[in-house]
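The structure appears right after this line, and notes come after that.
Side chains included, hydrogens not; waters and symmetry mates left out as well; all remaining heavy atoms used. Proteins get letters first, then strands, A, B, ... in listed order; numbering begins at 1 in each.
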There are 4 protein chains.
Amino acid sequence: MTNLEKKPNSTPGRPRSDQSHRAILQAAREILEQEGYRAMTIEAIAARAGVSKKTIYRWWPSKAAVALEALAAYTDELVPFPDTGSLERDLLTYFEYSIAGLRSPSGDMLRGLAAEAQLDPEFEREFQRSFIVPRKEDLVALLKRGAQRGELAPDIDLHVLADMIYGAKWYRLLLYPSPLDDTFARELVAIIRHLKP
Amino acid sequence: MTNLEKKPNSTPGRPRSDQSHRAILQAAREILEQEGYRAMTIEAIAARAGVSKKTIYRWWPSKAAVALEALAAYTDELVPFPDTGSLERDLLTYFEYSIAGLRSPSGDMLRGLAAEAQLDPEFEREFQRSFIVPRKEDLVALLKRGAQRGELAPDIDLHVLADMIYGAKWYRLLLYPSPLDDTFARELVAIIRHLKP
Amino acid sequence: MTNLEKKPNSTPGRPRSDQSHRAILQAAREILEQEGYRAMTIEAIAARAGVSKKTIYRWWPSKAAVALEALAAYTDELVPFPDTGSLERDLLTYFEYSIAGLRSPSGDMLRGLAAEAQLDPEFEREFQRSFIVPRKEDLVALLKRGAQRGELAPDIDLHVLADMIYGAKWYRLLLYPSPLDDTFARELVAIIRHLKP
Amino acid sequence: MTNLEKKPNSTPGRPRSDQSHRAILQAAREILEQEGYRAMTIEAIAARAGVSKKTIYRWWPSKAAVALEALAAYTDELVPFPDTGSLERDLLTYFEYSIAGLRSPSGDMLRGLAAEAQLDPEFEREFQRSFIVPRKEDLVALLKRGAQRGELAPDIDLHVLADMIYGAKWYRLLLYPSPLDDTFARELVAIIRHLKP
DNA sequence: TCTTAATCGAGACGGTACGTCTGGTCTTAGA
DNA sequence: TCTAAGACCAGACGTACCGTCTCGATTAAGA
């Protein structure tokens, strides 16, 4: 320990406040839960977090970006893509978790983010990059494992099948007035059962 | 008093102006095409149509409702649900038309309406009632005809299958960065081919 | 009176609200009196008047313009330029009123407006046009009457003399830490007494 | 450690940077000349001087105080109150210099400082103490010399006369849309000529 | 022909939120 | 202890739309 070992990679100036960062994400979550996505404005977040609007704009380009990070803080741990050795069981397990995860407020948050993605092309790219695409790829990987075990006919395009599976889920979440429940999951798996060679 | 020949169910007062009605829908379409859904505000529609905002609010509850009617005026004729006697051919034909219909500006309009539905529960119900549900039922009817011809295994839940088909389409339209093209349609039909008994 | 006599000079649209107009001017005055010119922001005026900021910006280009009109509403009646037949008496009478008029809040308002005029060239012109120049011209007219009666030497430039008289008043109001009182007025008139031929 | 050679009267810690001090004053002047008083914000000064805002606030209470010192650095040398033995000549000479000194940017700076003084009582006091009052006293002294030589009637209040002289100058600088030129100076002196006993 | 009543355009209204700007304070690492 | 850098809270700025409200004018149907 003769050497002083100063940190060489630090930037000058006051460092970013972790406390403000966390307060912003939490305020966003709380407003969402209590008043819905429409009420989750930058002004409301700033007021509740005890933070200036400038601080929010310094680190996020839009309120949707804040919401996206707040969502990630929620759900980072609850996305276990299972690998039980059985495609059907994997899918059922995944759906069970996934549907549970859409219970409020995550479901409302996702609906808001999906809406925002339609209206703001910049956010759309970020949402796809950080949320939509990785999950789709995980599902394709899950299907690929099943295909390699011979649980899916070899001529099936796994990407399109994944679109159908995720699509059905999102369709019910965003558009169709029917619940996303366990029955839905079982019927969907029953259909996929027919895709064996 | 021999022959009145007037419409007996008319209300007193100045009747609704059909010209304004049409001008509003057309203005909405034009703004959408030229500047996108975000720019399609009530103020912009009123200004372009040469109409007062009050006149718009008198007949539609929100700009999404205007957009919904403008969309209907576009697409009323292009939704032929075919009945060729073959499920695969029906689906391919339907997808061909459907994907063509999503070319701009209808696709952008639908993306905007889907966004609006996430943010405005009242409009969500109207959108489901007048757009989402009828189309889903038509697709279910199409599938049912195929099932009755023995082209689908009897244990398949046709509503869930329809969710998967429509879901895949909307998923690509709203969320996933891949094109909605003919290859996609063919691969999807190829998957459904496996669902025969 | 056979003719119907419709007012031809009305503009279309909802007419300007006189109530809001008055509420804005009064709010400006009240804030000035209670909290000073610095606190008299557009936001504060709007909040206190129960008026939207847009309504203020619709009719005035800046908060200084609001203040200018509020001041006019105060002081329109208190500027009697006397004509007693004696220059000295006219000046003393005028100063008496004028100094009284500078008691708060008019004095504070004028200080704020003078400050604004230094910082905003557009407002400077308006302030000069509607306030500074007319009063100067009235004073010059007062002096001219005295000169015609032989109370001022004929070689005296009345505009420069008016600059000195008004200048002394403003200098004490804005810059020099001495009171604007009756003694000051009397000494000033005593000096002008020397300007007889 | 034989020879420390530090200044004996220094305080502990890093000494004040003279370079920063000068850079701040110069930046203030440059911004004023190029963009006007409104643009001369603390942020702009700090950015142009390559100095942190904190460093400015450590040494000056407000941007007006910076401007005041920057002005002093300009004009310290150009205020010769003459003593030629003739009141008229003294006044004319003084006005000649003084009016020249108000050519930009000093005139703009003074207008900005005068504005600030209306809005910030703390700065007002400082401005009066360090700028307004000393100059007024010098002018009063100039007048007093003239009075002692018998060039002014003995009943004239020299402070009020000084108010009129300075007031006329400031009135034209701040409020009235007429130039401060040599004609003005000559006419003013012509008026004062009448004040002989 | 006159009345009634709902429409139309225009545009002002009270609001809410936007994204930006500046002020004045604070917190780092380094001199 | 000072410095440069720059993040922080606070709050006003001026703008954009929202959905509502008054106007005078228009347009039929019924009295």
Side-chain angles (χ1 to χ4, degrees), chain A residues 6-8 10-17 19-21 38-39 41-44 46-47 49-59 61-63, chain B residues 4 6-8 10-17 19-20 39 41-44 46-47 49-59 61-63, chain C residues 6-8 10-17 19-21 38-47 49-59 61-63, chain D residues 10-17 19-20 39 41-44 46-47 49-59 61-63:
Chain A
K6 308 231 176 101
K7 286 177 209 150
S10 78
T11 51
R14 180 173 176 175
R16 178 172 186 178
S17 160
Q19 184 181 326
S20 291
H21 184 200
R38 266 277 154 100
T41 64
I42 295 273
E43 303 239 321
V51 143
S52 78
K53 287 199 287 175
K54 184 81 192 235
T55 299
I56 299 179
Y57 283 112
R58 212 190 316 271
W59 302 110
S62 66
K63 73 163 182 167
Chain B
L4 271 175
K6 305 234 172 98
K7 287 177 208 148
S10 77
T11 50
R14 180 175 176 175
R16 177 174 186 178
S17 160
Q19 184 182 325
S20 290
T41 65
I42 294 273
E43 305 240 322
V51 141
S52 77
K53 287 198 290 176
K54 183 87 187 216
T55 300
I56 300 179
Y57 282 112
R58 216 191 311 272
W59 303 110
S62 67
K63 74 160 180 169
Chain C
K6 304 230 178 99
K7 286 178 210 148
S10 78
T11 50
R14 180 175 177 174
R16 179 173 184 178
S17 161
Q19 184 181 326
S20 291
H21 184 200
R38 264 279 155 97
M40 198 186 75
T41 64
I42 295 273
E43 302 239 321
I45 294 170
V51 142
S52 78
K53 286 198 288 174
K54 182 78 194 234
T55 298
I56 299 178
Y57 284 112
R58 215 190 313 272
W59 302 110
S62 66
K63 73 162 182 167
Chain D
S10 74
T11 47
R14 180 171 174 175
R16 178 173 185 178
S17 159
Q19 184 182 326
S20 291
T41 64
I42 292 275
E43 307 240 321
V51 141
S52 78
K53 288 199 287 175
K54 182 84 186 218
T55 299
I56 299 179
Y57 282 112
R58 213 190 313 272
W59 303 109
S62 67
K63 73 161 180 169

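- Put simply, OH on A:Tyr57 is 12 Å from P on E:dA17, counting in whole angstrom units.
- With distances taken from any side-chain atom of A:Ile42 to the nucleotides F:dG19, E:dG24, E:dG19, the minimum falls on E:dG19.
- Closest approach to the B:Ser52 side chain among F:dA12, E:dA10, E:dG19 is made by E:dA10 (side chain taken as heavy atoms from C-beta onward).
- Place D:Thr41 and B:Gly50 on DNA chain E by their nearest nucleotides, and B:Gly50 ends up nearer the 5' end.
- A:His21 places its NE2 atom 15 Å from the C1' atom of F:dC8, with the value rounded to the nearest Å.
- Checked against side chain to side chain donor-acceptor pair (under 3.5 Å), C:Gln19 has no partners two or more places apart in sequence or in another chain.
- Here C:Lys63 pairs with C:Tyr37, C:Ile42, C:Glu116 under the side chain to side chain contact (heavy atoms under 4.5 Å, CB included) rule; sequence neighbours left out.
- Atom pair C:Ile45:CD1 and E:dG14:P shows a separation of 14 Å (rounding to whole Å applied).
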For nucleotides 5-7 of chain E, list the nitrogen or oxygen atoms of the protein found under 3.5 Å from its nitrogen or oxygen atoms, one pair per line.
unit_1, atom_1, unit_2, atom_2, d
E:dA6, N3, B:Arg14, N, 3.2
E:dT7, O4', B:Arg14, O, 3.2
E:dT7, O2, B:Arg14, NH1, 3.0

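- Applying the side chain to side chain contact (heavy atoms under 4.5 Å, CB included) test to B:Ser20 and every residue at least two apart in sequence or in another chain returns B:Ser17, B:Val51.
- D:Thr41 meets the side chain to side chain donor-acceptor pair (under 3.5 Å) test with no other residue; sequence neighbours excluded.
- Summary of the strand contacts: A:Glu43 and B:Lys63 both lie near DNA chain F, and taking for each the nucleotide with the nearest heavy atom, the more 5' one is attributed to A:Glu43.
- Look at CD1 on D:Ile56: it is 14 Å from P on E:dT22, rounded to the nearest Å.
- Rounded to a whole Å, the CZ atom of A:Arg38 is 13 Å from the C1' atom of F:dG19.
- Here the side chains of B:Trp59 and B:Arg16 are in contact, with some heavy-atom distance below 4.5 Å.
- Checking the phosphate oxygens (OP1, OP2) of F:dC9, a side-chain nitrogen or oxygen of A:Ser20 falls inside 4.0 Å.
- A 4.5 Å side-chain heavy-atom check between D:Thr55 and D:Arg58 finds at least one atom pair inside the cut-off.
- Across the interface with DNA chain F, nearest-nucleotide mapping of B:Lys54 and D:Lys53 shows D:Lys53 to be the residue nearer the 5′ end.
- For B:Arg14, there are no side chain to side chain contact (heavy atoms under 4.5 Å, CB included) partners at least two apart in sequence or on another chain.
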